[in-house]
Amino acid sequence: MFDTHNHCEFSCDSKMTLQQAADTAAKLGIGIILTEHWDYEYPTNPEQFLFDRDAYFKKNLPLRSGNVLLGIEVGMQPHLAEKENKVPEGYPFDFVIGSIHMMNRLDLYEVTTYKGLSKEETMHDFLRDSILCAESHNNFDSFGHIDYICRYWPYADKEFHMEENQQEWDRLFKILIEKNKPIEINTRRLEAEAAVKALLPLYKRYKELGGKYCTLGSDAHYTEHVGRRLDVAAAMAKEAELQPVYFKERKMISDR
Ligand SMILES: [Zn+2]
Ligand SMILES: [Zn+2]
């Protein structure tokens, strides 16, 4: 089984080395994909979430193996599609996650992003930007953590309620399915039963509309989080009847 979402020292918010992540994965008997952050125009610091791609491959290629693959997580914004589509070009990445970290050009991590917005309005803006990104971006392999926003938004009810935004979710999923993009089941929030309960209908809906594949990822930034709750994500994939996959040289491979 592969943990397809891990951050190491080329991400400004992680100090883990790829060697440490690889050693941890080997102990757990799983494979890993390194997916370092790449976000253009990061609001608080435009350069912070970029890295030197040549240095990345120089340092990490010697550690690449059948169980340790090299990828990138590209944060997507609608107005940056052309630029973001080019990020992996010319580099031997195995895997590219396309993620939504921003809304209205603001960081979903910052509480000020939600100022003056009801949860309903936030859902509208968030899904509008997600749909625009899915439409305009092509150079990615899996659509990252659909529930990233739920980690940080300030509302008392932290969960999605699919039926309240059914049309928008359907639109998003249909675009991804048309482009043959798997959806990630991110394990970060899966310790909360409420999260599992709210997310499962979304993964099932993706399947119902014709989606077939998912990637499983912990989003680890520390060794103790590598492979975390992969079993929970695998059980969710099974229940949603999605086939877990990982990517090597940008080609989809069935996991297990
Ligand atoms: Zn992310
Ligand atoms: Zn990540």
Side-chain angles (χ1 to χ4, degrees), residues 2-18 20-22 24-25 30-46 48-51 53 56 60 68-78 80-81 84 87-88 93-103 105-110 113 126-127 129-130 133-134 137 139-153 158 160 172 176 181-191 195 199 202 214-230 233 246-247:
F2 261 81
D3 181 348
T4 67
H5 193 154
N6 294 275
H7 296 276
C8 288
E9 56 196 333
F10 283 86
S11 293
C12 68
D13 52 358
S14 173
K15 288 191 170 59
M16 176 162 67
T17 65
L18 183 56
Q20 289 169 332
T24 307
I30 60 171
I32 49 163
I33 308 184
L34 174 66
T35 49
E36 301 285 36
H37 282 296
W38 188 287
D39 292 86
Y40 281 124
E41 295 186 14
Y42 197 79
T44 43
N45 184 344
Q48 198 176 14
F49 285 97
L50 305 175
F51 60 86
R53 284 162 289 185
Y56 168 107
N60 293 324
V68 179
L69 298 172
L70 303 181
I72 183 169
E73 178 182 19
V74 178
M76 304 187 289
Q77 296 195 69
L80 294 172
E84 285 161 351
V87 173
F93 287 109
D94 288 298
F95 178 50
V96 179
I97 303 178
S99 290
I100 307 294
H101 295 138
M102 317 278 183
M103 173 185 85
R105 303 194 187 196
L106 298 171
D107 186 357
L108 293 175
Y109 178 82
E110 301 287 343
T113 298
F126 166 67
L127 284 170
D129 279 5
S130 300
C133 285
H137 290 67
N139 203 351
F140 70 95
D141 302 311
S142 182
F143 191 75
H145 50 40
I146 56 170
D147 61 328
Y148 178 82
I149 193 171
C150 305
R151 296 182 194 172
Y152 305 115
W153 60 12
K158 297 280 170 207
F160 291 140
L172 174 62
L176 295 173
K181 305 293 188 195
I183 195 167
E184 179 184 80
I185 301 181
N186 191 282
T187 72
R188 176 74 69 94
R189 300 178 61 252
L190 300 184
E191 68 179 332
L199 290 167
L202 287 158
C214 64
T215 54
L216 313 180
S218 68
D219 218 343
H221 290 66
Y222 305 93
T223 49
E224 54 269 40
H225 295 164
V226 172
R228 181 170 61 161
R229 296 192 275 274
L230 228 47
Y246 67 98
F247 283 78

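Each ligand, and each atom within it, is numbered from 1 in the order the structure gives.
- Protein N/O/S atoms found under 2.8 Å from the Zn ion (ligand 1): Glu73 OE2, His101 NE2, His145 NE2.
- Within the 2.8 Å limit, His7 places at least one N, O or S atom next to the Zn ion (ligand 2).
- By the salt bridge (Lys or Arg N to Asp or Glu O under 4.0 Å) test, Arg105 is found to be paired with no residue, residues two or more places apart in sequence or in another chain being considered.
- Between the side chain of Thr215 and the main chain of Thr4, no donor-acceptor pair closer than 3.5 Å is present.
- A salt bridge between Arg189 and Asp219 is absent, with no side-chain N of the basic residue lying under 4.0 Å from a carboxylate O of the acidic one.
- Every residue two or more places apart in sequence or in another chain that forms a side chain to side chain contact (heavy atoms under 4.5 Å, CB included) with Gln20 is listed here: Met16, Thr17, Thr223.
- Remark: Pro43 engages Met102, Asp107 in a side chain to side chain contact (heavy atoms under 4.5 Å, CB included) (not counting sequence neighbours).
- Two rings, from His221 and His5, have their centers 6.0 Å or more apart.
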